[in-house]
Each structure stands twice: as structure tokens, then as C-alpha cells.
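These notes are about the structure you will find just below.
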Protein chains: 2
Amino acid sequence: MLTADTRAVIKSTNTSDRGRASIKDVAALAGCGIATVSRVLNGSGPTSVATHDRVLAAAASLDFQLSDIGRSLRTQRTRTIGCVVPSIANPVFAQALQGLQRAARAAGHQLIVSGSNYTLDQELEAVTTLLGKQVDGLVLTVSDPETSQALDLVRERGLPHALMFNHAPSLAPCASVDNASAARLVADAFVDQGHRLLGFLALRFGSSDRSRQRFEGFGARLQEHGLEAPVLLEVDDEPAHLADHLPSLLDEHRYLTGIFASNDMLALAAMQAARTLSLRVPYDLSIVGFDGIAIGQMVEPTLATVQTDPEAMGTAAAETVLAALRNEQVSSSCDQTRFHFRPGGSLSRCRDDQTDSGEVAASPLPSPTHPREPSLKKD
Amino acid sequence: MLTADTRAVIKSTNTSDRGRASIKDVAALAGCGIATVSRVLNGSGPTSVATHDRVLAAAASLDFQLSDIGRSLRTQRTRTIGCVVPSIANPVFAQALQGLQRAARAAGHQLIVSGSNYTLDQELEAVTTLLGKQVDGLVLTVSDPETSQALDLVRERGLPHALMFNHAPSLAPCASVDNASAARLVADAFVDQGHRLLGFLALRFGSSDRSRQRFEGFGARLQEHGLEAPVLLEVDDEPAHLADHLPSLLDEHRYLTGIFASNDMLALAAMQAARTLSLRVPYDLSIVGFDGIAIGQMVEPTLATVQTDPEAMGTAAAETVLAALRNEQVSSSCDQTRFHFRPGGSLSRCRDDQTDSGEVAASPLPSPTHPREPSLKKD
DNA sequence: CTGTTAGCGCATTCAC
DNA sequence: GTGAATGCGCTAACAG
């Protein structure tokens, strides 16, 4: 009969040779079978305290860790959730990822993140790769749920999934805001301030359902106010080129008194572009964004925007797929996150305002003639 | 001898029953061995066009995809790189992730991202989990390379790795900027503008080597200019609570004319806090940041800062571990990314400046008395 | 050119 | 309580 010590000598095949220790090494060192090691380390099944301790000691001395890929192959679960968003660099998605991460981690899952750079092929490629990696679930923000091959693929596979930011309850569970309704609030805000000539600024309008929904809500509400549809200002270049193109775009539309930007990053970029043109925000041009990212409140003037809760969307999306992984029934297929219009210094009364009915003229309204500069230069 | 069709009937065990098809199903459908399927799908080894096509057809009809976990178990490689950063929500890390992602993807690798929330235990936990997942390599930004258990663990395991933002060439390959030298530039900039009473603002100073290196470079250079060491303003709360604590912190130190913030996010938050206190930036308080994130250029006044290239750091870190994965020799153990001081509206001449030597007094310097409010309210 | 075989590390059934 | 045996999906030898 072999003592534990003797066996310990006999093994020595795997551990030191190459890479990390395997469960066999631990079993050999502890003088037991691999099944026991598995049971101890997983806390499954009964074990005597004696062996329990021996296994733990052995594992510690080898600083052994069960291999996830071995387990995954066996259990067909990876404890991993895939996530693809248009851009990690956009704070709005970064915040959502934060929420996702927290929820996933709390449930013992890791996140594999992929960025699609707002393109359809990278979107599909990312999902394909993720499927190959056998993620247990998927959280996506796609360019357009109605036509997304990526989403189709996931649905075919029957993998637990949820959309973030996208709103398409009939296609997939989603965590989003009601973009159209939110955009209507923006229209109201502009109209309240006497604006009539408005533009809608979007990045790659054609490939973002969110942009379109916001545009439509905005336009529809404007028409209800008896105004014309907003002018669509589209930038479909690389986000990096924004600084180049935005100023000329704004310059071509100087007659506009207000611009609703499809998201806060764009709105901020527009504010910067306006400065380039010596247009003063909000006096010469009012700007409203969408999302409510933190930096919007740090700039001067502060950015008027639709305040949403990206982190909550991430959390909600995560909960949806986590619930599905636990085989729970998902109650609502659609998590509508709260939102509200958040006033800010970037939106003020229109200088061309002609309305005499002072009913809504409660906000501080600068006289038609303005001082040459609001702050930086002295006169 | 069985025809392909007959065999196709015989299988039917796995495919439709449960989950996805396996390589066996494809082999059966194509009427060949699994090895051939593997060869065709991987483009390894020779295959006749005939079987090649049959396999492809079979795979397509089952919409089969090779399982990464099967492959990983066999090859002991996961084509996956783990990454842990303090916070996904900080744009500086988001940008770095962007660079990382691009490089990793180009090399056929995925990224598993984890946030440590600037805490040591989450840092260690994240790395442990990542090791369990058998990532091929690791890219980290740790709180302090000298003492990080997480980094120790990785080094013990002998896994290819690289640090981002951290600068500790003796411990691990790293992609960073020379924080101390960069901070000296900031000191010069402040002194050039006649500032003498300066503060250094940091978040969790004790647990960030980057903060400390910047503080030291800043302080050392100030002393070379014959000035006192900067006052250390430390915020060690949750980043979310910044808005609460920062104003009172600044209020306690009204005598300071300039503040060097450890990073741009903090600097932006400080600018916001200053507004809360009706302190005008830069006239009442000059602020300089560090990193050079894009939003810094979108705010008004623009943020003076040290311009770095986070994306390049991500790329460099990725290249380092990718090279190691290809068994290439890493040339330099340390990739110093370029940086430069970037002037901005948030830093102006000190109003208390007593120097008569008007040599550098080129910047527009407002008179000691200012209008009551900069912009938003009318008087 | 192609099929058979042997594990990779693990969880799990089934005896003991 | 515990161990031996099986197979998850795949790639790499090795025969043929």
C-alpha cells in the first residue's frame, strides 16, 4: 500500500513540467481520487473533514485553481456573458457596462466586451466570435434591431439575450428609454423658449434606430406645435473627424437657432464647434443633448439634455439574461428606464422670439441685444 | 458501405436534441471523419476539393461553428486576453481599452474586461478569476505595482502580461508616460503664470502610484522654482460622491490660486465645484488636469492638461503581450508614450502675481475687479 | 488525402 | 465517504 508521500513522488508528471497543476496532481498529492478533489473544491457532495483538509492543503501548496475551460466543456456553461456595444469610448456605453459588470459579477459571471464601432459587419463578427466562445448569454446594442443579422443569429441560437438602448420589444427583451417620447420633451423645451428653426444632429443616422426614433419623436412633436420638421444634420464620418466637419456643417445652417443632438457627446462636440465659429451658446445657438452623461453637468454652460440612466439599463439587461440563465420567467419583455428633461445653460430663450403672449415667458430672457461676449473677454 | 445519406440518418443523436451541433454531427452529415472536418474548417492539412465542399455544405446546413472551449482544452490556448482597469467609466481607460481591443482583435484575440473600482481586493479577485478562465495574457492597471498581490500572482504564474499607465519597468513591461516628468511641466506652467500657492488634487492618493508620481514630480519642480510643496487635497470617497465633497474641500483652501488635478475627470469635477462656489475659472482659480481626454477640449474654458495618448498605451500593452504569445523577444520592457503640456483656458495668469518683470505677461489678464457673474444671470 | 485514436481538465454517475 | 470510469468538443499524431 502506498503512502501519500510515496504517491506524491510518483506523480510529478504534470505540475512542474509544463504550465499549471491539474486536478490529478492535487489528487495525487492529497492521496485521493480526483472526484474527491472536485467535490471538496466545489463544495459539492459529502466529504470527511480529514480528506477535506488534506485536499485543501494540497491545492494550496500547488496553488491550484480549477480550470474553467475543463469545467465549461463538461458542464456546457461558461459563466460568461458577451456584450457588444457600438463604442466603449462613449461614456454612455461605458456607464452601461459598469452596471452590467456589477450585476454579472454579483452573479458569478464574467463579461466579454466587444465594440462594433457602429458598423454592421463588426457587429456581426463580434456576435459570431462570442457565440464561438460559448457565452451563456448576450447583451447587445445593435445599430438596428429590425434588420440586425447579429440579433437574428442570436435569436436563432435561442441564447438568452437582451438589448440595451435599442427599443424593439417584439424582437427581444430590451432595456431602454422611450426615445420618441423623450424626444418630444425636447421639442417642448425648444418651443417653450420660442425656437422655431431647429435642427437635429445625428452621427450615422441611417444606422441607428435610436437616432431615428429620437428624430421622429422630435419632428412629430414640433409639427403638433405647428412648426416645420427639423433639419437633419447628418455626420457619418469617423467620430474622430467630428472636429473637422462639424463647424462647416453648423456654418451652413446659421439660420438655425436650436439644435437637438442625438446624444450628449455630439452635443458637446457641437458646442465646441459653435465656439470655433464664434457662435455663443446659448445666445446664438441653443443646444440640447440626449443621455445625461456626467460631463454634461461639468461644462459651462451646462448641457440641457434628456437625463437617462445608462447604468440602470446595463443592470436591467444583465438581470434579464441572468434570470433566463436561471430558467426564470422574464416578467416584462421590456424594461423602460425612467428619464426626464434636464434643463441647462445650453438652452435659452430664442433671440428671434416674436411671441407677445408672455404666458410661458417665465424663464430669464435676455434682451434682444446681447453684450458682445458673455464672459471671457472684457469689453 | 454506407452512403452519406444513410449515415446522415444514423446520426441525429446530438444535433436536434439539445443545444448546438458538434463536430461529429458535421462529420456524419458530410460522410467523413471528424479529423477531416477539423482540417477543412481550420484550413489545416490537405483536403480534396470534393470533401472540402461536402464538409462546408454540411457545416453550413447545421450552421455549425467550432467550439472554442473544445479547442481551448485541447490546445491550452484561449485566444483571450484579460484586462483589468480601475474603472471602465473613466474615459481615459475606455480609450485605452479601445486601443487594446483593436490590437487584440487584429491578432484574433478577444478581451475579457474587468473593473477593480480602484480597490485592491477587486483587483486581486479580477485577476484570479481571469487566471481561472485561462486567459493567454493579461493587461493590467494596478493601484500600485510595487505592492500589488495581483501583479505578483501573474508574475508567479509566468503568464505574458503588461502594465498600462503604471510605470514600474523593473517589475513588468509597461506602457505609460513618465508621470514625474510630465508633472514637472505642469509646475513650470503654473510658475510661468505667476502662481505660488498651489494644490494637488487626488482621488485615493494612497492607492495610486500614478497620483504619487505626479505629485512628487510636481512638488520637486516647484521646489526647484523656490516654491513650497503643493497642498495635498485628497478625496478618497466614491467617485460618485465627488460632487458633494469637492466644493467644501475647495472652500477650505480658498487661498490657493491654482490646482493640479491628478486626472482630467477630477479636474473637470473641480471646475464644476468651483462654479458651485462662484469661483471663476481661471480668474479666481486656475486648474490643470492630466490625461488629455477629448472632453477637456469641449468645455469652456478648455482644460489645460498634460496631453497623453491612452489609446497608444492600450495598443502598446497589447502588442507587448501579443509578442510574448508569439514567443518573440520583447525589445524594450517599457514603452514610454509621448506627452506634452497642453495649454487651455483653465489656466491663466495669477491675479495675485507680483512679478514686475513683464517678460511672460503675454496672456490676457483681467483686471482685479470682475463683473459679478460670468454669464448665466443678467444683472 | 483521410480516418482512428488519444487525451486536454473537469463533473458526474455508479459501484464500493 | 470515496474512487474508477466516462465523455464533454476538439486537435494532433499516426496509420493507412
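Naming: A, B, ... by sequence-line order, numbering from 1 per chain. All of these numbers come straight from a predicted model, not from anything done at the bench.
With respect to the salt-bridge test (charged N to carboxylate O, under 4.0 angstrom), the residues A:D63 and B:R157 qualify.
The phosphate of D:dC10 (OP1 or OP2) has no side-chain N or O of B:S72 nearer than 4.0 angstrom.
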How does protein contact run along nucleotides 10-16 of chain C, one letter per nucleotide 5' to 3', with B for base contact, S for sugar-phosphate only, - for none, heavy atoms under 4.0 Å? BBB----
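If you measure from atom CD1 of A:I69 to atom P of D:dG9, you get 14 Å, rounded to the nearest angstrom. Counting to the nearest Å, the P atom of D:dC8 and the CG atom of B:L73 are 13 Å from each other. As a whole-Å value, the separation of A:Q76 CD from D:dG7 P is 15 Å. The distance from atom CD of B:Q134 to atom P of C:dG9 is 8 Å, rounded to the nearest whole Å. Rounded to whole Å, the distance from CZ on B:R77 to C1' on C:dG9 is 18 Å.
Distance alone, capped at 3.5 Å, places no donor-acceptor pair between the A:T47 side chain and the A:V40 backbone. At least one donor-acceptor pair under 3.5 Å links the side chain of B:N42 to the backbone N or O of B:S38. Judged by distance alone, with hydrogens and angles left aside, the side-chain atoms of A:D335 form no donor-acceptor pair with the main-chain N or O of A:A316 at under 3.5 Å. Panel note: side chain B:Q110, backbone B:I81; no donor-acceptor pair is recorded below 3.5 Å.
Inspection of the A:S114 and B:R105 side chains reveals an N or O donor paired with an N or O acceptor under 3.5 Å.
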